[in-house]
Each structure stands twice: as structure tokens, then as C-alpha cells.
Asks: 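Please read through the structure below; I'll follow up with questions.
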There are 2 protein chains.
Amino acid sequence: MENFRIILQKVNLKVTNARLGVLELFARSQKPIDAEEIFAYLQKEGVDADRATVYRMLETFYEKGIIDRFEFQEGKFRYELAGSDHHHLICEQCGRIEDISDCGINVLEREIKEKKGFLVKRHALEFFGVCESCQQ
Amino acid sequence: MENFRIILQKVNLKVTNARLGVLELFARSQKPIDAEEIFAYLQKEGVDADRATVYRMLETFYEKGIIDRFEFQEGKFRYELAGSDHHHLICEQCGRIEDISDCGINVLEREIKEKKGFLVKRHALEFFGVCESCQQ
DNA sequence: AACATATATGCAACTGAGTTGCAATTAGCA
DNA sequence: TGCTAATTGCAACTCAGTTGCATATATGTT
Ligand SMILES: [Mn+2]
Ligand SMILES: [Mn+2]
Ligand SMILES: [Zn+2]
Ligand SMILES: [Zn+2]
């Protein structure tokens, strides 16, 4: 797991404890996390970074393309390590978040270019509902 | 356009000037608007409702299904009169917002139910990119 | 028309998420 | 080892939204 250094170096960011800690948390999280969760994790690990630093790291990582950013209608952002285009099933009962891929939207994006002339750079797609175990 | 009263009465909400004003603004807006725009409009019209009242109206209208709520990665919500399922093309250069329908996602929702057991209640889908006139 | 009362509103204080200016620190490089 | 740009801490701030509580008012009932 020493490739965190390399990830940072690749995008010309200095290697610091706070940044390594954040990347470590991202790597072990399988769902999108928010700034406060990151802040709490760093404190627990004794890295002790300021909230401003956490927000600045997230901004930087997002700009550099290291992480993706999502909105789940909560009034805040959530982030994940950047990966393949995928989306989420958000259970409104228990809060569980499940990944889904293959949204088939590139077809739609091509249609949008043809019909409306609009060039799509990225899209946000999230599903809200009830997960399997909450349906019983 | 006196059916605003009826809209409110149908969902057991009292008819007030502030509410009529907000519905009027929604009716004449062809793109999603935010709380601050509503607040400013009411002031201009001399209705003079408090910000708290605006937020409470939006919450109530949303709960009653009178309006839909959207997120455009701005750190705030935007609202539209509830209508048919549709989505938006958001130009990151000029801010123009265009509607699109026929996202074809009901097919995907059925697949999600079959494959993952997850019951989709609603979805959020927005496209970010560059509009036709901003491409020249 | 007056009354009763649930509902809506104003006000002011508060929260939570995120931002910013500036001074001090430090990683990366020579 | 020293230089310097990048990073961080701190504290104050902004912006979106919420809440408690007292007052006002829309509407159904007499
Ligand atoms: Mn994910
Ligand atoms: Mn629309
Ligand atoms: Zn669930
Ligand atoms: Zn444009």
C-alpha cells in the first residue's frame, strides 16, 4: 500500500501525513465519505489535521482527479477514490449505499450532442429507494 | 392562473400571500430556482416574507409533492414546479440550464430491482458540460 | 359576524458545511 | 545545509438552512 506516495507524486502534490492518511481511509472505504468522517478518522489516527486542511485536501484531490464527488441530497458532498463511471443505490430507510455500473448513459450523451448540441463532460446519477433487506 | 389557490387547498395548505407569490414565481420560471431567488422576488413584489418562511414553504411544498428538488453541485438546492420526470443540461461556462426528457431510466430501474432487489423510488440525473453557443 | 384554533409567520439565535487571509511550518530540491 | 514554494493551523467568516418561541392569521364552526 505504498503507492499512495506515487499517486501524490504523479500529480505534483507533496507527500504529507495528512494526505497519506486520507488516501488510506479512501482505500479502505467502500462507500463515499464526507469531510467530517475524514476529519474524525485523522484525529483517531493521531494525525490531527485541521478541518480547513481536510477541505483543502478534498478540493485539491478532486481538481487533480484523484477522487470523485457525489451529492446524495444531504446538503454536503461525499467523495470516493476516482474509478470507473458508476452510481449508487441509496436506501432511504437504513442509509446503505450500493454501487451500480453500466448506466448506459454514453448512448444518451451522444443523442444529447446530436439533438441539442450540448457537449456532456460528466453526469451525476443516483437512485433513491429501499434496499432489499429493508423491504421485508 | 387562479388555480394556485386550488393547488394549495388540494393538499390542505392555507392560502397566504407568500405562498401565492412563490407559486407565481415557480409558474413563470422555466428553470430551477433557489431559496434566495424566491426571497428576493417576494421582496420585490412587496410580499416581504422572512427567509425562514421561504425555507419552510419550500420544505412543505416538497413534502406535499408540489415542487421537485434538484442538486447541481452548488452546495444548495434548486426547485421547480413538479412535473414529468425530466433532467437538466447544465452549462459550466455560462450557467444555462436546459431541460431534457426521455432518460429511459425506468428500464434500468426494473433491472436494478431484478438484479439487486433494490426498489427505486426516484432518481437524480443531471448532465454537466458545455452548451452549443459556448462551444464556438 | 364573531369565535376558536390549528396553522403559518417573524424574529433572532443557532447549526453545519465550507471558505479565506495570514502567519508559521515543512517537503522537496539544490 | 539552506532555499523556497507548497502546505498547514488558526481564527474569523460566509452561506445555506434550521429551530424555539411568541405573535398573527386563515379557515371552519357557531
Ligand atoms: Mn461508489
Ligand atoms: Mn427542469
Ligand atoms: Zn436499507
Ligand atoms: Zn453555455
Side-chain angles (χ1 to χ4, degrees), chain A residues 2 4-25 32-43 45-64 66-79 95, chain B residues 2 4-25 32-43 45-64 66-79 95:
Chain A
E2 274 307 292
F4 297 146
R5 312 189 92 81
I6 294 161
I7 291 175
L8 291 171
Q9 284 162 354
K10 260 186 195 158
V11 293
N12 298 313
L13 291 179
K14 288 185 176 175
V15 177
T16 68
N17 283 338
R19 284 177 176 165
L20 290 174
V22 170
L23 290 180
E24 220 168 286
L25 177 56
I33 54 180
D34 63 43
E36 201 54 32
E37 288 167 344
I38 292 166
F39 178 72
Y41 172 81
L42 291 179
Q43 284 215 317
E45 297 293 300
V47 178
D48 214 27
D50 192 83
R51 264 189 195 80
T53 303
V54 172
Y55 281 107
R56 281 190 281 229
M57 283 192 283
L58 290 172
E59 196 189 350
T60 307
F61 288 3
Y62 180 62
E63 281 168 1
K64 297 286 187 175
I66 296 177
I67 55 178
D68 288 333
R69 193 175 66 177
F70 305 92
E71 282 181 305
F72 295 165
Q73 315 241 58
E74 303 167 297
K76 68 183 172 190
F77 291 109
R78 291 184 172 271
Y79 302 85
Chain B
E2 272 311 290
F4 296 145
R5 311 190 92 82
I6 294 160
I7 290 175
L8 290 170
Q9 284 161 356
K10 260 185 195 159
V11 293
N12 297 313
L13 291 178
K14 290 185 176 176
V15 177
T16 68
N17 282 338
R19 284 177 176 165
L20 290 175
V22 171
L23 290 179
E24 221 167 285
L25 177 56
I33 53 180
D34 63 43
E36 200 56 31
E37 288 168 343
I38 292 166
F39 178 72
Y41 173 82
L42 291 179
Q43 285 216 314
E45 297 293 299
V47 178
D48 214 28
D50 193 81
R51 264 189 194 79
T53 303
V54 172
Y55 281 107
R56 281 189 280 232
M57 282 192 283
L58 290 172
E59 196 189 348
T60 307
F61 287 4
Y62 180 62
E63 280 167 1
K64 298 284 188 176
I66 296 176
I67 56 177
D68 288 334
R69 194 175 66 177
F70 304 92
E71 281 180 307
F72 295 165
Q73 315 242 58
E74 304 167 296
K76 68 184 173 189
F77 291 110
R78 290 184 172 271
Y79 303 84

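Worth knowing before you read on, the calculation uses all heavy atoms, side chains too, and leaves out hydrogens, waters and symmetry mates. Each chain gets a letter, A, B and so on, in the order the sequences are listed, and its residues count up from 1. Being a predicted model, the structure only gives us computed values, none of them experimental.
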Asks: Under a 3.5 Å distance rule, please check whether B:R19 uses its side chain to pair with a backbone N or O of B:K14 as donor and acceptor.
Replies: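 Between the backbone of B:K14 and the side chain of B:R19 there is a qualifying donor-acceptor contact (under 3.5 Å).
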Asks: Between C:dT9 atom C1' and B:L20 atom CG, what is the distance in whole Å?
Replies: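 The answer, rounded to whole Å, is 15 Å.
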Asks: What is the separation between atom CZ on B:R19 and atom P on C:dG10, rounded to the nearest whole Å?
Replies: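 Interatomic distance, CZ of B:R19 to P of C:dG10: 11 Å.
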Asks: For the pair made of CE in B:M57 and C1' in C:dT7, what is the distance, rounded to whole Å?
Replies: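 That distance rounds to 14 Å.
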Asks: Starting at atom CG of A:D48, determine the distance to atom P of D:dG9, rounded to an integer number of angstrom.
Replies: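 For the pair A:D48 CG and D:dG9 P, the rounded distance is 8 Å.
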Asks: Are B:V15 and B:L20 packed together at the side-chain level, in the sense that at least one heavy-atom pair is separated by less than 4.5 angstrom?
Replies: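 In short, these two side chains touch, coming nearer than 4.5 Å.
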Asks: What distance do A:E36 atom CD and A:F39 atom CZ have between them, rounded to the nearest 0.5 Å?
Replies: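 Atom-to-atom, A:E36:CD and A:F39:CZ are 6.5 Å apart.
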Asks: Is a side-chain N or O of A:E37 found less than 3.5 angstrom from the main chain of A:D34, in a donor-acceptor match?
Replies: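 A pair under 3.5 Å: yes.
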Asks: Of all the heavy-atom pairs spanning A:L42 and A:A49, show the shortest one and how long it is.
Replies: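 A:L42 and A:A49 have their closest heavy atoms at CD1-CB, 3.9 Å.
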Asks: In the structure I gave you, are the side-chain heavy atoms of B:V47 and B:E24 within less than 4.5 Å of one another anywhere?
Replies: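 B:V47 does not reach B:E24 side chain to side chain.
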Asks: Take the protein atom CD of A:E74 and the nucleotide atom P of C:dG18, then report the distance between them rounded to whole Å.
Replies: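 The distance from CD of A:E74 to P of C:dG18 comes to 10 Å, rounded to the nearest Å.
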Asks: Could you give the NZ-to-P distance, from A:K76 to D:dA16, as a whole number of Å?
Replies: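 These atoms are roughly 18 Å apart.
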Asks: Roughly how bent is the helix from C:dA1-D:dT30 to C:dA30-D:dT1 end to end, in steps of 10 degrees, with each end axis from five pairs?
Replies: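 The two end axes of the helix from C:dA1-D:dT30 to C:dA30-D:dT1 meet at 30°.
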Asks: If a protein heavy atom is under 4.0 Å from the base, mark B; if only from the sugar-phosphate, S; if neither, -; do that for nucleotides 19-30 of chain C going 5' to 3'.
Replies: BBB-----BS--
Asks: To the nearest Å, how far apart are B:Q73 CD and D:dA16 P?
Replies: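 After rounding, the reported distance stands at 16 Å.
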Asks: Rounded off to whole Å, could you give me the CD1-to-C1' distance for the B:I38 and D:dA16 pair?
Replies: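 Atom CD1 in B:I38 sits about 13 Å away from atom C1' in D:dA16.
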Asks: Between CD of A:E59 and OH of A:Y79, what distance do you get to the nearest 0.5 Å?
Replies: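 Here the rounded value is 8.5 Å.
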Asks: On a heavy-atom basis, which atom in B:I67 and which in B:L58 lie closest, and how many Å separate them?
Replies: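 Residues B:I67 and B:L58, closest heavy atoms: CD1-O, 3.6 Å.
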Asks: How many angstroms lie between CD1 in A:I38 and CG in A:L25, if you round to the nearest 0.5 Å?
Replies: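 It comes to 6.0 Å.
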